[in-house]
Amino acid sequence: MKARSVLVVAASVACTALGVFAVPASAGLTTFCEGEAGAVTVPGDLRVAATKSCVLDGTIVTGTVTVEPGANLVITGGNFQREVMLQDDAFFDAKGTTFGSTVTAVDAYGFYLADTKSGNVKVSANQHPDRGTYAYLNTATVNGELNSSVGEVYAENSQLGSVTGTNVSYVDLISTVVNQNLTVSGARLGGVFCAGEVYGNTSYTGNQGALQIGADGPIASCGQASFFNGNVTASGNTGGVTVSNTIIRGNLAGVDNDPAPAGENNRVRGTISGQFVNLAPPAAARAAAAAAPQHNPDVMTGRKSDALAEAHAAGPAHL
C-alpha cells in the first residue's frame, strides 16, 4: 500500500556492516558518539553531539539517548532501555530495535521506526511550528500513545495504543491497528484510514484537507474494509469526507462538514445521524479532493544517506 510521501519508508537505505564504538565516556557516564559502532553496551547515557552522525548496530544503551540539534542517529538491532530525545532538526532512523520508554521529538527533522517496539511516541514543536517534522512507522509497535502536534504522521502495518494528531499536516494509517482512541483535528492535508482497525472511538474534527475513512480513494487506493469498534464522528471538516467499506459497531455521526460527506457500503450497528444519513455516492468527494497536494518521497532517504556517509567518514572510535 503506498500513500503520499510515505513511499520513502520502503526506499529507506539499508544499513551496512558497522565497526567499533564511539568516543570515550565523560564524567557522569555520558558517552558521545560520532562514527560507527557495533554490539557493545553503553552503561549510561548516550549523546550524539550537534551536527554529528552516529550509526549503531546491535548496541545496548542503558541510559537516556539524546540526538542534539542537527545530529543524526541510525540504529539497527539495538536496545535502548530509556527515553530517546530528538532535539532541533535532529534525525533518527531505527530498525529492529526495542525501546524501554518514550521516543520524544521536539522541533526535530523527523524519524523512521521499522520493526520496533516502544512506549509513547511524542512529536511537538516549540520554536518551529511550521517545520515539516516527519513521523513514519512501518511494522512498529507503540505500547502507549502516538501523539503529534506538527508535521506528517504515517503508520503502516503497525500496532498502536492511541493516536492523536492535532494541527498536523496529515495522519495516514494503513493496515494499522489502533487499540484505543483515534483523534485527528486541524490537519491541513486531512488523513487516510485504510484497511485497519480501531478499538476505541474515532473522531475527525476541523480538518482542512480531504478525509478518506475506510474508503477506496480519493487520496489512496484501498481494497479492504476497515473496522471500528466504537463510535465514528466527523464534524466541521472542509476538505471533503468519504466514509466507505466500513464496519462500525458504534454510531456514525457528524455535522457542519462542507462539502457534505459521501460514502457507500457501510455496516453501522449503532445509529446513523447528522450528515451521514443517506450518504451520496463518493464520486463527488473524489473530485473535490483531486487537487490535494502530494509529498516529496525523498525527504527521509536523503537525510539517512547523508548520515550513513558522514558516520562512515568519521570511522570507528573506541570507548
Side-chain angles (χ1 to χ4, degrees), residues 9 12-69 71-87 90-106 108-123 135-144 146 158-161 300 303-304 307-319:
V9 297
S12 192
V13 182
C15 288
T16 56
L18 305 175
V20 191
F21 195 55
V23 294
S26 62
L29 291 178
T30 297
T31 298
F32 285 84
C33 178
E34 179 183 8
E36 300 175 335
V40 298
T41 297
V42 179
D45 295 343
L46 176 74
R47 299 184 75 92
V48 184
T51 74
K52 303 301 182 181
S53 293
C54 174
V55 178
L56 305 175
D57 187 5
T59 305
I60 299 171
V61 181
T62 64
T64 297
V65 175
T66 303
V67 187
E68 295 186 354
N72 306 299
L73 175 59
V74 179
I75 171 77
T76 301
N79 187 329
F80 290 172
Q81 297 180 2
R82 295 183 63 187
E83 184 178 12
V84 177
M85 296 182 292
L86 311 181
Q87 297 180 351
F91 170 71
F92 181 48
D93 185 291
K95 182 177 181 180
T97 296
T98 299
F99 304 97
S101 186
T102 299
V103 177
T104 301
V106 181
Y109 180 88
F111 59 87
Y112 171 48
L113 307 179
D115 302 313
T116 59
K117 295 181 179 180
S118 70
N120 296 327
V121 175
K122 300 178 180 180
V123 186
Y136 293 162
L137 296 82
N138 192 344
T139 322
T141 299
V142 176
N143 292 315
L146 169 58
S158 296
Q159 291 270 348
L160 311 176
M300 297 286 274
R303 182 73 179 250
K304 182 175 179 179
L308 292 171
E310 291 168 4
H312 184 70
H318 305 278
L319 287 171

> To the nearest 0.5 Å, how far apart are CG in Leu160 and CG in Asn120?
Replying inline: 11.5 Å

> Which residues pass the side chain to side chain donor-acceptor pair (under 3.5 Å) test with Thr102, sequence neighbours left out?
Replying inline: none

> Of the non-hydrogen atoms in Val74 and Ala307, which two are nearest, and what is the gap between them?
Replying inline: CG2-CB, 4.2 Å

>> Would you compute the distance between atom CG of Leu113 and atom OH of Tyr136 and round it to the nearest 0.5 angstrom?
In response: 12.5 Å

> Are any side-chain N or O atoms of Thr66 and backbone N or O atoms of Leu46, one a donor and one an acceptor, separated by less than 3.5 Å?
Replying inline: no

>> Please enumerate all residues that pass ring-ring contact (aromatic ring centres under 6.0 Å, His included) together with Phe80, with sequence neighbours excluded.
In response: Phe99

>> Could you measure the distance from the CD1 atom of Ile60 to the CG atom of Asn79? Nearest 0.5 Å is fine.
In response: 5.5 Å

> Under 4.5 Å between any side-chain heavy atoms of Ile75 and Phe92, yes or no?
Replying inline: yes

> Is a donor on one side and an acceptor on the other found under 3.5 Å between the side chain of Thr97 and the backbone of Gly78?
Replying inline: yes

>> For residues 47-56, which residue pairs pass the side chain to side chain donor-acceptor pair (under 3.5 Å) check, not counting sequence neighbours?
In response: Arg47-Glu68, Ser53-Asn72, Ser53-Glu310

> Under 4.5 Å between any side-chain heavy atoms of Val121 and Phe111, yes or no?
Replying inline: yes

> What are the two closest heavy atoms between Leu56 and Cys33, and how far apart are they?
Replying inline: CD2-SG, 4.0 Å

> So do Val103 and Thr116 actually touch side chain to side chain, heavy atoms under 4.5 Å?
Replying inline: no

>> List the residues meeting side-chain contact (heavy atoms from CB on, under 4.5 Å) with Asn143, not counting sequence neighbours, and say none if there are none.
In response: Thr141

> Roughly how far, to the nearest 0.5 Å, is the CG atom of Asp115 from the CG atom of Asn138?
Replying inline: 7.0 Å

> For the atom pair CG (Asp57) and NZ (Lys95), what is the distance rounded to the nearest 0.5 Å?
Replying inline: 11.0 Å

> With distance as the sole test, does Ser101 use its side chain to make a donor-acceptor pair with the main-chain N or O of Arg82 at under 3.5 Å?
Replying inline: no

>> Evaluate Val142 against Ser158 for side-chain contact (heavy atoms from CB on, under 4.5 Å), listing each step before the verdict.
In response: CA-CA 8 Å; Val142 176; Ser158 296; over 6 Å; no

>> With rounding to the nearest 0.5 angstrom, report the OG1 to CG distance, Thr104 to Leu86.
In response: 8.0 Å

> Looking only at heavy atoms, what is the nearest atom pair of Ala108 and Ala90, with distance?
Replying inline: CB-O, 3.6 Å

